[in-house]
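Below is one structure, written out as structure tokens; comments come after it.
Nothing here was measured: the structure is a model prediction, and the numbers come from that model.
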Number of protein chains: 4
Amino acid sequence: MDGTRQRRRGDTRQRIQDVALELFAEQGYEKTSLREIAERLEVTKAALYYHFKTKEEILVSIFEDLSRPIEDLVAWGRAQPPTLETRQEVVRRYSDVLAGAAPLFRFMHDNQATVRELRIGEMFKNRALGLRDILVDPEADLVDQVRCVSALFTLHAGMFALHDLGADPEARRKAVLEVAVDLIAQAHRDG
Amino acid sequence: MDGTRQRRRGDTRQRIQDVALELFAEQGYEKTSLREIAERLEVTKAALYYHFKTKEEILVSIFEDLSRPIEDLVAWGRAQPPTLETRQEVVRRYSDVLAGAAPLFRFMHDNQATVRELRIGEMFKNRALGLRDILVDPEADLVDQVRCVSALFTLHAGMFALHDLGADPEARRKAVLEVAVDLIAQAHRDG
Amino acid sequence: MDGTRQRRRGDTRQRIQDVALELFAEQGYEKTSLREIAERLEVTKAALYYHFKTKEEILVSIFEDLSRPIEDLVAWGRAQPPTLETRQEVVRRYSDVLAGAAPLFRFMHDNQATVRELRIGEMFKNRALGLRDILVDPEADLVDQVRCVSALFTLHAGMFALHDLGADPEARRKAVLEVAVDLIAQAHRDG
Amino acid sequence: MDGTRQRRRGDTRQRIQDVALELFAEQGYEKTSLREIAERLEVTKAALYYHFKTKEEILVSIFEDLSRPIEDLVAWGRAQPPTLETRQEVVRRYSDVLAGAAPLFRFMHDNQATVRELRIGEMFKNRALGLRDILVDPEADLVDQVRCVSALFTLHAGMFALHDLGADPEARRKAVLEVAVDLIAQAHRDG
DNA sequence: TATGAATGAGTATTCATTCAT
DNA sequence: AATGAATGAATACTCATTCAT
């Protein structure tokens with residue numbers, strides 16, 4: 001009975017994160033004001049400050065919650081032997097991770113200038129470097145190193161910039177993943 | 001003799017563009033205020049408005065000046081037969097174009113959320129789609145289409161996100177270009 | 001005790017309206033800045049924006065609050081038979097209405113060019129036309145129609161432009177009203 | 001041959017006045033910027049300053065040029081005996097004067113708050129008082145004094161606020177004039 | 001668990017005016 | 001007779017943040 005009003009008790013923090021991420025992804029971090037978030041939630045700005053100390057903290061909390069799978073992936077990858085198979089599996093899993101928190105990663109991708117100045121900039125960079133270090137063999141040829149990094153960027157671009165290549169999203173994701181996996185394979189052909 | 005004061009006569013418009021691009025690329029568009037630009041130039045904000053109607057127009061003018069080579073490249077590409085060689089040459093030339101106006105393209109890459117709302121968003125998108133249409137064969141396999149687009153993104157990423165792969169910039173650029181050219185080649189292997 | 005600080009709690013919105021109307025009437029809408037209003041109230045400009053969305057909204061809110069009596073008068077007038085007596089009574093009541101919100105109507109009278117571009121321009125015009133339609137018989141002789149409208153303008157002018165005819169304000173108002181009532185009577189002499 | 005360009009030589013001052021009055025009457029004094037005037041004339045703002053020392057001076061010069069007929073009328077009126085006939089003739093002539101410089105008087109009527117702060121405020125007030133002193137007999141009944149002033153305001157209102165009474169402008173002007181002349185007559189009935 | 005009221009610092013933009021050329 | 005380049009001061013408005021209740 002009632003529902004919304006009832007269910008809203010206690011989950012305000014979560015609802016703030018949801019709405020904020022939605023708006024951040026849609027319009028960017030700077031162009032999204034706390035007033036806007038508050039209005040969409042039908043609470044006052046001050047209510048946001050009950051749950052979060054600053055605007056930035058809202059973003060940080062979202063990032064912390066949603067980016068754990070990357071941490072896990074990096075941890076897993078580090079524990080594996082640095083083989084072709086491991087690397088391809090990392091790429092596969094990363095593709096899943098991206099798809100599982102698309103709005104966050106779309107936001108990260110579209111707001112790099114902003115993100116760089118924020119706390120999450122450093123955090124994200126570290127996770128990204130973690131991934132890279134798993135995929136890239138520092139002894140390898142520079143071209144092959146680039147191939148591995150390129151696999152990563154292909155995944156990202158595939159998520160956020162291929163909306164007009166037609167084809168349904170799932171088919172697109174598969175195609176993108178195949179290219180990425182293939183890039184890793186090429187980097188291991190010989191050397 | 002004297003220099004600064006003397007030479008400044010008449011080139012204020014250009015100096016505004018230079019400083020603005022520098023700051024936009026460094027801190028992002030929204031976080032760069034006209035006050036900051038004016039101060040760095042040692043003129044008043046009002047002087048900026050003598051030369052440009054709005055903040056956005058400063059950016060537009062920079063974009064128009066610096067993105068002409070892309071237009072030219074698209075035009076050239078369209079006039080060639082849609083062969084492997086053409087496409088690889090387009091990739092090569094695009095790499096040069098990016099290197100030739102690196103600060104602008106770094107800005108575009110880092111501020112996509114912002115750019116999308118601005119007039120240059122549409123402009124840039126059109127140029128990008130132009131390039132894509134030259135590189136991508138709509139009849140080809142989806143995976144091969146992705147390969148071609150990925151070549152483009154590899155170029156971009158190579159410019160703006162590989163600063164820590166070590167190696168000197170020129171070597172890096174060559175490696176990136178090789179990967180991109182190779183991606184195009186693979187997309188043409190058979191099919 | 002203390003008073004000012006104490007009493008100010010909760011009535012800020014009203015105080016903004018009061019001070020704004022005072023300044024608008026004194027110096028005009030355009031020449032009155034929000035800084036001025038804020039300073040006189042010893043609050044910040046931002047506080048004004050907590051209570052009103054724009055400068056224009058301050059004016060609109062004042063107008064809506066103070067012009068209700070005209071609406072009521074028009075409604076009353078419409079419900080009466082269109083006789084000489086009705087019309088004279090409307091003129092009498094209008095004189096009271098004007099006297100009851102003199103600063104607002106002085107403002108409207110003195111700032112017509114400005115008001116015309118604002119939201120209240122349309123609102124006021126509608127109320128004025130409502131009054132006119134009650135006073136003016138569209139079948140009547142043009143000269144008699146003008147007499148009725150002139151009665152209205154005489155009232156206005158009497159409020160705002162006769163300060164130097166000497167005599168005390170109340171006597172002046174009575175004289176003005178008599179002229180206006182008489183104009184209506186003449187318009188009904190025969191016809 | 002050519003024409004515009006040719007004829008424009010030498011009459012810039014006049015053209016500034018024309019355009020300025022047009023815009024002042026249309027949008028008000030404050031809302032009309034020198035940029036706007038300059039743009040419409042296809043000259044630079046600085047050119048305006050070659051011909052006039054300030055924005056206000058543009059208005060003053062217009063007023064001085066166009067309000068001379070009032071001065072003349074006042075002078076003429078003062079030289080006549082203070083009879084009913086004189087007064088009615090003054091009203092008739094004033095109606096002509098208003099019609100002859102309608103944009104100026106429409107401006108004065110619509111921008112009273114602004115005008116009051118400007119140099120022309122005082123000038124206009126003096127001319128108006130001059131007229132009033134001719135029309136009003138200080139010995140007369142207050143009501144009759146009001147009638148005379150009301151005749152003046154009827155003329156003004158007739159010019160600027162009766163556009164929707166229908167009827168063609170000339171018919172309207174005649175009707176308005178008749179009411180005004182009649183008001184003067186009533187003020188002289190007995191007394 | 002929130003709100004109402006407010007602030008301080010900032011933003012882009014506009015304006016009348018000046019002056020060397 | 002006019003322009004190009006610039007300024008100083010102002011304006012309406014927005015934002016993240018605070019705090020007493």
Taken to the nearest whole Å, CZ/B:R15 to P/F:dA6 is 9 Å
Atom CZ of B:F52 and atom P of E:dA12 are separated, to the nearest Å, by 15 Å
On DNA chain E, more 5' by nearest nucleotide between C:L48 and B:Y29 is C:L48
Contacts of C:E39 meeting salt bridge (charged side-chain N to carboxylate O under 4.0 Å, His left out) (sequence neighbours excluded), chain-then-number -> C:R35
Contacts of D:E117 meeting salt bridge (charged side-chain N to carboxylate O under 4.0 Å, His left out) (sequence neighbours excluded), chain-then-number -> C:K31
_Donor-acceptor check, side chain of B:T32 to backbone of B:Q27, threshold 3.5 angstrom: yes or no?_
no
When pairs are called at under 3.5 Å and a stem needs at least three consecutive Watson-Crick or G-U pairs, the stems of DNA chain E are E:2-21 with F:2-21
Check your understanding: Using a cut-off of less than 4.0 Å, is there contact between a side-chain N or O of D:T12 and OP1 or OP2 of F:dA2?
Key -> yes
Taken to the nearest whole Å, CD/A:E57 to C1'/F:dT17 is 14 Å
By side chain to side chain contact (heavy atoms under 4.5 Å, CB included), A:F52 pairs with (sequence neighbours left out) A:R13, A:I16, A:Q17, A:E57, A:I58, A:S61
Considering only heavy side-chain atoms of B:T44, the closest of E:dG8, E:dG4, F:dT7 is F:dT7
Atom CD of B:Q14 and atom P of F:dA5 are separated, to the nearest Å, by 14 Å
Give each protein N/O atom lying under 3.5 Å from an N/O atom of nucleotides 13-15 of chain E, with the pair distance.
| unit_1 | atom_1 | unit_2 | atom_2 | d |
| --- | --- | --- | --- | --- |
| E:dT13 | OP2 | B:Y49 | OH | 2.5 |
| E:dT13 | OP2 | B:K55 | N | 2.8 |
| E:dT13 | O5' | B:Y49 | OH | 3.0 |
| E:dT13 | O4 | B:K45 | NZ | 3.3 |
| E:dC15 | OP2 | D:R35 | NH2 | 3.1 |

- Query: Does F:dA2 have OP1 or OP2 sitting under 4.0 Å from an N or O in the side chain of D:H51?
  - Reply: yes
Identify each donor-acceptor pair in which a side-chain atom of residues 108-115 of chain A lies under 3.5 Å from a protein atom, sequence neighbours left out, and give them as a table.
| unit_1 | atom_1 | unit_2 | atom_2 | d |
| --- | --- | --- | --- | --- |
| A:D110 | OD2 | B:R116 | NH2 | 2.1 |
| A:N111 | ND2 | A:F107 | O | 3.0 |
| A:T114 | OG1 | A:E30 | OE2 | 2.9 |

Hits for salt bridge (charged side-chain N to carboxylate O under 4.0 Å, His left out) against D:R68, two or more places apart or cross-chain, chain-then-number order -> none
Taken in chain and number order and not counting sequence neighbours, the residues that satisfy salt bridge (charged side-chain N to carboxylate O under 4.0 Å, His left out) with D:R127 are D:E71
Picking from E:dT7, E:dT1, F:dT7, the nucleotide nearest the side-chain atoms of A:Y50 would be E:dT1
To the nearest angstrom, the CG-C1' distance between C:L41 and E:dT7 comes to 15 Å
_NZ or CZ of C:K55 within 45° of C:Y49 ring axis and under 6.0 Å_ = no
Atom CD of D:E42 and atom P of F:dA2 are separated, to the nearest Å, by 13 Å
Hits for ring pair (Phe, Tyr, Trp, His ring centres under 6.0 Å) against B:H51, two or more places apart or cross-chain, chain-then-number order -> none
